[in-house]
S.K.: 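Submitted below is the structure of interest, expressed as structure tokens.
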Amino acid sequence: MELSKQYNPKEAEESHYQRWEENGCFRPEINENPDAEKYSIVIPPPNVTGSLHMGHALQHTIMDVLTRRKRMQGFRTLFVPGMDHAGISTQLMVTRQLKKDEGKTPQDIGREAFTKKVWDWKEQYGGTILKQIRREGISVDWSREAFTMDEGLSKAVRNVFVALYEEGNIYRGARIVNWCPKDETVLSDLEVEDKEKKDGKLYYLQYPIKESEQKRTLTVATTRPETMLGDTAVAVNPNDERFKDLIGKTIDLPLTNREIPIISDEYVDAGFGTGAVKITPAHDPNDYEMGQRQNLPQLNVMNLDGTMNEDAGEDFSGLDRYKARKLVVEKFDELGLLEKIDDYEMVLPVCERCKTVIETLISEQWWVKMDEMRDLALELKKDKDYPRFTPENPHTKVYTDWLENLRDWTISRQLWWGHQIPAWYDKDGNVFVARSKEEAIENAGTDELTQDEDVLDTWFSSWLWSFSTLSWDGEINETEDLQEFHPTDVLVTARDIIFLWVSRMVMSAMKFIGERPFDDVYITGTVLAKDGQRMSKTKGNGVDPMDVFEQYGVDATRITLAGSSTGMDFAWRDEKVESYRNFANKIWNATRFCLMNAEGAKVDLATLENAEKIADKWIISRLNKTAKEINEALDKYAFHVAVDKLYHFFWDDFCDWYIELSKDEITAGDTESTTRILTILEQSLRLLHPFMPYLTEELWHKLPGADASLHNSAYSNAEPTIMLADFPESNAELINEKAESEMQTIIELITKIRNIRAEMQIKPSDKISIHLAGNPETQNIFASNEAQILKLARAKDLTLGESLDAPNASAKGVLTNGTEIAIPLEGLIDFEKERKRLQNQINKLETEKERLDKQLSNENFVNKAPKEKVDAVRERVAEIETQTKALNENLENLG
RNA sequence: GGGCAUAUAUGUCAAUUGGUAGACAGCUUCCCUUACAAGGAAGAAGUUGGAGGUUCGAGUCCUUCUAUGCCCACCA
């Protein structure tokens, strides 16, 4: 069988996924071991809007690496896929589409028709996402795919709502809220973003004080003059001497016919602005609170679309808020009451989705009291230390701090896309919260009921995700999946939803399941654009993972992402994927080489245990050590360490040294050697598989002897696939430090000779002679590897002895263990060049020795540092002395 | 305003508990050697942002400064 010279990812990516899926490899049921430990992960459901971005690819890769390794280790694994209906975003997008296609608004076509359109939209774009998830190669169980609007998950939402309502943890009430005038819905605090406004203004308005003889005024400063129409007081600090006499007096509020009191409140900072604050309880959160304290009336002057209402007065009613602002300022100017306008940099709250500046206003909404659930989550962290964050810092602290300051959660949204609130009203406005309309009718004793128009916040369904995806719906509370897979093992997600989602999942699971939703939380870094900026559509600096898949292959992309995953943010670089694309090609070609010579051999694990030669013992030791390091790294979520070890093991140890050292035997068809190299290759492919599933599967099937007998025992009856092969664990007995150090000496020798050849500009085609002088043990090592040394150093003969037997006209060198090297160069040697070369090496060593001598002459170091550190320095000094001595002699002998 | 993180070779990033700094890409020289030029061989390249301190020893710990980023809170 002959492989092509280059790896073509597309071929490998074409068929395997479908086969894995059809064979049930992604399902936990494939595991036949009744006692298998379980491992489960639920995917953070991507929004049905848009498509997957690099952050998804990163998270998904990491979850899949974890899952695939555990599966190979024989765990009963479940990786649940799904999507989120993403209320506001989706409604926003479909609304835009509707406007574009038909020039209509949702109201024009009505609730039913609109939601149908959203479902169509969901089918289309959701379908794209599902395709993309498949392309990523992640081993999710599609038979358990979930969507937050599914029947079961919706039932869970209703039951949770009713349960919380019945115990008084959900209530309806008018409070000050964040309102998006464009989307015309309430937003929770977490859905509001800050936006810098550089050209902001601070307006100083003079308010006339009633019954003051000299027409005194009190100046207030505001960034939102239009809200003065809703002012119901002016507040000053009680200790502010300037205004003490004014407290209790009243203001004739311009542009209105209202009279408002001047009050005192500790909240006012006398040192800021004018020291007097206009108070608008209906349109500012701080003013709202002061209003509550001081019993001030709330005057709502705004409509829900951001225009002013009748209470703003005739002149303003119906005006857009910004036009109203302009008009208020103009009128104050006309009245001679506009003191000044200052430039003022400020931060404006905007809607996270549509970026419209939000308004704060009073509105009747549904709320969840979080106190009890918050305490459950805090106790879980305090008593059991769940969930454990990676990286621990800063997430643990941020998480607990946030919980400690948690406020009630606004859960209603004025949208049509989502779970409609299970509350019904009768003619008199009495509310009946129930699991269904029938139940509500029963409770109300009438069927003249109308359901609450609003839907629930998207997060009110996704906060149940860890268990609602395992078939819990609030009626069936004990499901097999729940029993088996909850709590899940780890949640892998991005930083920005720790509060929105992670913390809420903990609270809901503690409340409704009575246990944590996951043990660990791995927070990935952000994938930044090449320029180090955040990727964004507006900047156009985004990189689409699908394009990268197309160009470099899925596997190269996956291992790039995993290799970059230190928990820190990192900038995306095409060069990085390119080097892993090359790595994939390297793996392909190494396999190609092995297969070209595999006649009569097949994978046989026994060949790992009976190695005689140093090189074999060495590579087996390296393999086992690498397996150990990879397993340890993955246990700690140190993905970059695992990738680094794999890369260097495969490329440096296996390809550059082992294949080269074994080449003669392999090409000669020595069956034991070919069997062994195939076996080591096969083990390497297994280690690589979680990162590079397609390539490794493609190659594995080409290996003779790769069949179901290599599966983990939990999968003996499954169709052969590397994804069910036993993941290599490290066998401590096969880690051989002696072989590693002997091999190191051989590598050092060959490298040294190559270095001499390069520096002395010996042509690659010129075969040299090598003279070596060293202790008997070293001589032995070299003697038993003579053929390989000759080949890799491009030499014709090797002379070994206790002392050097070579002409003066030789290039010389010395190894760390004191072994001397001479390469005769009759006529070719440039003595001046050689002298320089030797002197250079001596200088380097002496610089190092000077530093070490200084350390050793420091009594404090010798006395206080650990003995092994001191000994190591002494040993190194001894090595340097031997080497410099030999080099100096060589230098002298040059004449 | 508060909190946190980051600053290491030209670039992007690593560096387990403090033990004297590595990878990839790029660069220089040589080689199409029968797995791979998406390759092989050999190299050059860093006062670890600045300044102090603790320590026998600091990229790592402490203080401070500078720059950048993130989060939280929002004084009108």
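Throughout, protein chains are lettered first and strands after them, A, B, ... in sequence-line order, and every chain is numbered starting at 1.
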S.K.: Just by distance, with hydrogens left out, do A/T227 and A/K278 show a side-chain donor and acceptor under 3.5 Å apart?
M.R.: yes

S.K.: Which of residues 552-563 of chain A sit near RNA chain B, with a heavy atom under 4.0 Å from it?
M.R.: none

S.K.: Say whether A/S565 and A/Y637, considering side chains only, have a donor N or O and an acceptor N or O under 3.5 Å apart.
M.R.: no

S.K.: Can you tell me the distance, in whole Å, between the CZ atom of A/R325 and the P atom of B/A76?
M.R.: 13 Å

S.K.: Can you check the A/L528 CG to B/G11 P distance for me, whole Å?
M.R.: 17 Å

S.K.: Closer than 4.0 angstrom, basic N to acidic O: yes or no for A/E879 and A/R874?
M.R.: no

S.K.: Of all of residues 390-404 of chain A, which get a heavy atom below 4.0 angstrom from RNA chain B, listed by number?
M.R.: A/N393, A/P394

S.K.: Let me spell it out: for each of A/V268 and A/E759, pick the nucleotide of RNA chain B with the closest heavy atom. Which residue's pick is nearer the 5' end?
M.R.: A/E759

S.K.: Kindly determine whether A/K201 and A/D342 satisfy salt bridge (charged side-chain N to carboxylate O under 4.0 Å, His left out), including the steps that lead there.
M.R.: CA-CA 6 Å; A/K201 305 279 182 212; A/D342 281 352; over 6 Å; no

S.K.: If the threshold is 4.0 Å, N to carboxylate O, is there a salt bridge linking A/R876 and A/D871?
M.R.: no

S.K.: Within the 4.0 Å heavy-atom criterion, would you say A/F272 contacts the bases, only the backbone, or no part of the nucleic acid?
M.R.: base

S.K.: With respect to the side chain of A/F593, which nucleotide from B/A35, B/C74, B/A42 is positioned closest?
M.R.: B/A35

S.K.: Please report the distance, rounded to the nearest Å, between CD1 in A/I659 and C1' in B/A41.
M.R.: 17 Å

S.K.: Using a 4.0 Å heavy-atom cut-off, write out nucleotides 16-26 of chain B from 5' to 3' as B (base contacted by protein), S (sugar-phosphate only) or - (no contact).
M.R.: ---BB--SSS-

S.K.: Between A/V862 and A/K791, which residue's closest nucleotide on RNA chain B lies nearer the 5′ terminus?
M.R.: A/K791

S.K.: Can you tell which of B/A35, B/U6, B/C75 lies closest to the side chain of A/M568?
M.R.: B/U6

S.K.: Does a side chain donor of either A/E191 or A/S188 reach within less than 3.5 Å of an acceptor in the other side chain?
M.R.: yes

S.K.: Looking at A/E226 and A/R224, does any basic side-chain N land under 4.0 Å from a carboxylate oxygen?
M.R.: no

S.K.: Whole-Å distance between B/C31 P and A/Q761 CD?
M.R.: 10 Å

S.K.: Establish, with yes or no, whether the OP1 or OP2 oxygen of B/A41 is under 4.0 angstrom from a side-chain nitrogen or oxygen of A/N755.
M.R.: no

S.K.: Strictly by modelled atom types, are A/D231 and A/T280 linked by a side-chain donor-acceptor pair under 3.5 Å?
M.R.: yes

S.K.: If we check side-chain contact (heavy atoms from CB on, under 4.5 Å) with A/V350, which of these qualifies: A/N178, A/D194, A/V357, A/V192?
M.R.: A/V357

S.K.: How many Å lie between CD on A/E289 and C1' on B/C74, as a whole number?
M.R.: 12 Å

S.K.: Does OP1 or OP2 of B/C36 have a side-chain N or O of A/K5 closer than 4.0 Å?
M.R.: yes

S.K.: Just the rounded figure in Å: distance from P of B/C36 to CZ of A/F650.
M.R.: 15 Å

S.K.: Under 4.0 Å between a side-chain N/O of A/K586 and OP1 or OP2 of B/G40, yes or no?
M.R.: yes

S.K.: Do A/E660 and B/A35 share a donor-acceptor pair, side chain to base, under 3.5 Å?
M.R.: yes

S.K.: Measure from CZ on A/R592 to P on B/G39 and round the result to the nearest Å.
M.R.: 14 Å

S.K.: Measure CD/A/E345 against P/B/C75 and give the value in whole Å, please.
M.R.: 17 Å

S.K.: Using atom C1' of each nucleotide, how far apart are B/U6 and B/U60 to the nearest Å?
M.R.: 14 Å

S.K.: For A/R581, which contact category applies under a 4.0 Å heavy-atom criterion: base, sugar-phosphate, or nothing?
M.R.: base

